[in-house]
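Note sheet for the following structure.
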Number of protein chains: 2
Amino acid sequence: MRPTVHDIADHAGVSLATVDRVLNRRPGVRAATRARVEAAIETLGYVRDVAAANLAKGRVYPFTFILPSSDNSFMHGLHDELRHAMARSASERTNIRIVEVPAFEPTALIATLAEARDTQPAGIALVAVEDEGVRAAIDAIAAEGIPVVTLVSDLPGSRRAHYAGVDNIAAGRTAGGLIGRFLRGRAGKIGVLAGSMLVRDHRERLDGFSAVLTADYPGLAILPVREGRDDPEVARAAVAGLMAEHPGLLGIYSLGAGNRGLIAALKARPDIRPVVIAHELTAFTRAALSEGLIDAVLNQDAGHEIRSAIRVLKAKADGVPVIAAQERIRIDIFLKDNLP
Amino acid sequence: MRPTVHDIADHAGVSLATVDRVLNRRPGVRAATRARVEAAIETLGYVRDVAAANLAKGRVYPFTFILPSSDNSFMHGLHDELRHAMARSASERTNIRIVEVPAFEPTALIATLAEARDTQPAGIALVAVEDEGVRAAIDAIAAEGIPVVTLVSDLPGSRRAHYAGVDNIAAGRTAGGLIGRFLRGRAGKIGVLAGSMLVRDHRERLDGFSAVLTADYPGLAILPVREGRDDPEVARAAVAGLMAEHPGLLGIYSLGAGNRGLIAALKARPDIRPVVIAHELTAFTRAALSEGLIDAVLNQDAGHEIRSAIRVLKAKADGVPVIAAQERIRIDIFLKDNLP
DNA sequence: AAAAATCTGATTTACGTACATCAAAATTTC
DNA sequence: GAAATTTTGATGTACGTAAATCAGATTTTT
């Protein structure tokens, strides 16, 4: 049977109250006594029963999730999954508050972070935007002992406790490897459609993609990046222009959102059939995959990201280690042959 | 605040003891009273606090895992992950017992299942072998109310509560789609190396692979399947023979284990460079991917499978629903460009 | 050495549920 | 309508921890 606080008290020759003081970092224990208790904890291999502790504390975890109010399928999916998680709140002892902020606006995000901090939640998750002010705001929150988790888009160099999202450089490299192999031996031009180069995940995807193509497929030349601003219509125009200017286009890598526009543009020019790789499995990309308009879709599972973020926030709030392998968010690769 | 048993008692106008009798199916409650209590549970939306219940019960989950004693990297990995899970037993209230059985031997598996059943665990997980006797043994255990989960290899038609493993048909289809695209436009022969066609997951992979190639890549002809028995040396000989007989071989799909042998055979014939797709990311396949000997590896994450099996067994033992999306085991696709 | 400050122990209540016991009430049986 | 039976209530203990209180012991300060 695993040891309890009583065993610790006996073994250390102190009272339950003292053990409690040590365990919960309450004041009023001499250093020597504290050491004795900690030694007992060590030798008996005591681990706090988190379930019992939470029961006793009547603990709930008030979490704040800050999400961009973008109007694309992926963000809608993220919102949906978060709502599902909120529906499970009762049994998971969480109390999740969603705050929406305009996308890609550091100022708004900084203000929202400050607000969130004032409510003193047990943890904060946010889709980060690369900005010094945002970094500082995260650091300030972390300094107060409130764990911060970045979601979907990371902010390295900040004191966020964890990043719940995919490795975007690896995603870009994967796209490069696939497009290179799909076009084995051929030489020509490859177009890239991004949302905005101001967003870190898009930049990283492009970096990974370019690195692989440059190193391994010198015959494939990457054209200047077109920005679709994650907007279907802007994306459509961008791709249409791309195809008009380069009738011999061999491939397209769409690394952002707004794939509805990409698909529309492809349908408008049935005479050009480039190899196409896109991100995020939505109703639109799924249909395009089935029809053969898109060759592969790289996907990040919003549900996994949300659940992972919550698990990690809980663990950090409890000061408990996380299972790293379990929290690695993976990149799903879908062909028309393995659609779920 | 979520309702407790006290709220139910008040609302139904009965005592705590009666609520308890209803909740835990204890006898001594008139049908009319039981209905009142159940109505109160329904309208208040009461859900049992599993953590508190387990604490009160002092519940531990004795689980039995039956694994084949195969000597290949994947099974070693599975064992490792299970040992990791056992290390977490204290905090997860599990008590996991591992039983090894000879691989692919229905008789041994049936006997082991009977033994396991006698110890009356809270759940059983096993790597299934396709056999009527095994199916009957599983059904008998399920009939006793002990949840059974199949791991890695399923046994449809049995009364197992869940399958913790990948969709092997989809895996085969993915391999087919990749090999087809990697060889776009070319016509020739494709070799298949399996462990044994007596194993369900291998058969399913082959089915998926064949279906895609037949439908979409008629230029690619699948040669008769060679069996490597998941043994490196047998596999090496099989592939060497394949390459000797078909110098123009365009591709190889290795859908089982023993990839060490496959790699050795490839190295021995640098004059033939087929497109190669294999299963399971191990030290060997990883190195071969980096060197370009293998083009893609389809992987199932043993850690996820183990953790998922445990989560599901717990949920089934508690009669609690599982989050289906969370328990879907995904197929990772690795190119040399996205090795973790 | 006395006073003040600090540390420690003993004890109690609580969290939400499980489970057991005994008495009281309601119902059924004869 | 009394006895037998079934149903229900009241109550207490337990699980492992948290948190609070108050008394007593020890240490530090003056």
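Bear in mind the structure is a predicted one, so any value in this text is a computation, not a measurement. Per chain, numbering begins at 1; letters A, B, ... match sequence-line order.
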Is the number of heavy atoms from other residues, nucleotides or ligands within 6.0 Å of CD (A:E144) greater than 12? yes
Spacing between B:R93 atom CZ and C:dT17 atom C1', to the nearest angstrom: 13 Å
B:R159 side chain near B:I141 side chain, heavy-atom distance below 4.5 Å: no
So, B:D7 side chain and B:T4 main chain: donor-acceptor pair closer than 3.5 Å or not? yes
What is the distance, to the nearest angstrom, from the CG atom on B:D10 to the C1' atom on C:dG16? 14 Å
Once you round it to whole Å, what is the distance between P of C:dA20 and CG of B:N24? 10 Å
Go through D:dG9, C:dC19, C:dG9 for me and flag the one nearest to the A:R21 side chain. C:dG9
Would you please confirm or rule out a distance under 4.0 Å between OP1 or OP2 of C:dT27 and any side-chain N or O of B:R30? yes
Would you kindly give the CG-to-C1' distance between B:D7 and C:dG16, to the nearest whole Å? 11 Å
Nucleic acid contacts of residues 35-60 of chain A, taken as heavy-atom distances under 4.0 Å to DNA chain C: A:L55, A:A56
Provide, to the nearest angstrom, the distance between the CZ atom belonging to A:R26 and the P atom belonging to D:dT17. 13 Å
Return the value, rounded to whole Å, for the distance between atom CG of B:D20 and atom P of D:dT13. 17 Å
Presence of A:T4 side-chain N/O under 4.0 Å of D:dG16 phosphate oxygens OP1/OP2: no
Figure out the CG/C1' separation between B:L16 and D:dT11, and round it to whole Å. 10 Å
N-O pairing of A:R26 and A:D20 below 4.0 Å: yes
Report yes or no: is the cationic atom of B:R160 (NZ for Lys, CZ for Arg) under 6.0 Å from the centre of the six-membered ring of B:Y163, at an angle within 45° of the ring normal? no
Could you check how far NE2 of A:H6 sits from P of C:dT12, rounded to whole Å? 13 Å
Ion pair A:R135/A:E130, N-O distance below 4.0 Å: yes
Within the 4.5 Å heavy-atom criterion, are A:T64 and A:I98 side-chain neighbours or not? no
Nearest to the B:L23 side chain among C:dG9, C:dA18, D:dA18, which nucleotide is it? C:dA18
